[in-house]
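The structure appears right after this line, and notes come after that.
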Amino acid sequence: MTVAEHHTGNETSTPNEGGIKNPKVVEAVFNKKPILLPKGRTSGLEIKHEAISQGFAIQPSYVLFQIKNRNHRTVIGDTDIVEIREGIEFAAVADDDNS
């Protein structure tokens, strides 16, 4: 189940009844826009599926990158595991895009 399916609207960024934000979902950056991702370990393919479920115009075949220090990009394969944390940044481009 994706974050988009599990959490409707914007409830993941609003405090729960105790005034604490949902600790299982964090805001990250995907193609320079905010995205909600499940905190913890997840695969590159799961990140792409989550982006698609939240309306990003990408395909599962796109190449996923983790962006570090604003300009260093590391390829994340579909089976590679990434530790998702608040503010982590990703970009996805078509496989034939040489940008």
For Thr79 and Leu45, run side-chain contact (heavy atoms from CB on, under 4.5 Å): C-alpha distance rounded to whole Å, both residues' side-chain angles, the deciding distance at 0.1 Å, then the answer.
-> CA-CA 7 Å; Thr79 60; Leu45 185 59; over 6 Å; no
Could you report the tightest heavy-atom contact between [X] and [Y], atom names first, then the distance?
{"X": "His49", "Y": "Pro60", "answer": "CE1-CG, 4.1 Å"}
{"X": "Ile76", "Y": "Gly44", "answer": "CG2-CA, 3.8 Å"}
{"X": "Ala51", "Y": "Ile35", "answer": "CA-CD1, 3.6 Å"}
{"X": "Ala91", "Y": "Asn31", "answer": "CA-OD1, 3.0 Å"}
{"X": "Phe30", "Y": "Phe56", "answer": "O-CE2, 3.2 Å"}
{"X": "Asp78", "Y": "Ser43", "answer": "O-CB, 3.4 Å"}

Working to the nearest 0.5 angstrom, can you tell me the gap between [X] [atom1] and [Y] [atom2]?
{"X": "Asp95", "Y": "Gln59", "atom1": "CG", "atom2": "CD", "result": "12.5 Å"}
{"X": "Asp80", "Y": "Thr42", "atom1": "CG", "atom2": "OG1", "result": "11.5 Å"}
{"X": "Leu36", "Y": "Glu27", "atom1": "CG", "atom2": "CD", "result": "6.0 Å"}
{"X": "Ile58", "Y": "Lys48", "atom1": "CD1", "atom2": "NZ", "result": "7.0 Å"}
{"X": "Ile88", "Y": "Lys39", "atom1": "CD1", "atom2": "NZ", "result": "12.0 Å"}

Please step through side-chain contact (heavy atoms from CB on, under 4.5 Å) for the pair Glu89 and Gln66, ending with a clear verdict.
-> CA-CA 6 Å; Glu89 187 172 353; Gln66 181 178 351; over 6 Å; no
Can you check side-chain contact (heavy atoms from CB on, under 4.5 Å) on Val82 and Phe90, steps first, answer last?
-> CA-CA 11 Å; Val82 179; Phe90 298 99; 3.9 Å; yes
Ile67 vs Val29, side-chain contact (heavy atoms from CB on, under 4.5 Å): CA-CA, chis, key distance, verdict = CA-CA 9 Å; Ile67 300 172; Val29 178; over 6 Å; no
Residue pair Ile47 / Ile84, side-chain heavy-atom distance below 4.5 Å =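 Yes; the side chains approach each other to less than 4.5 Å.
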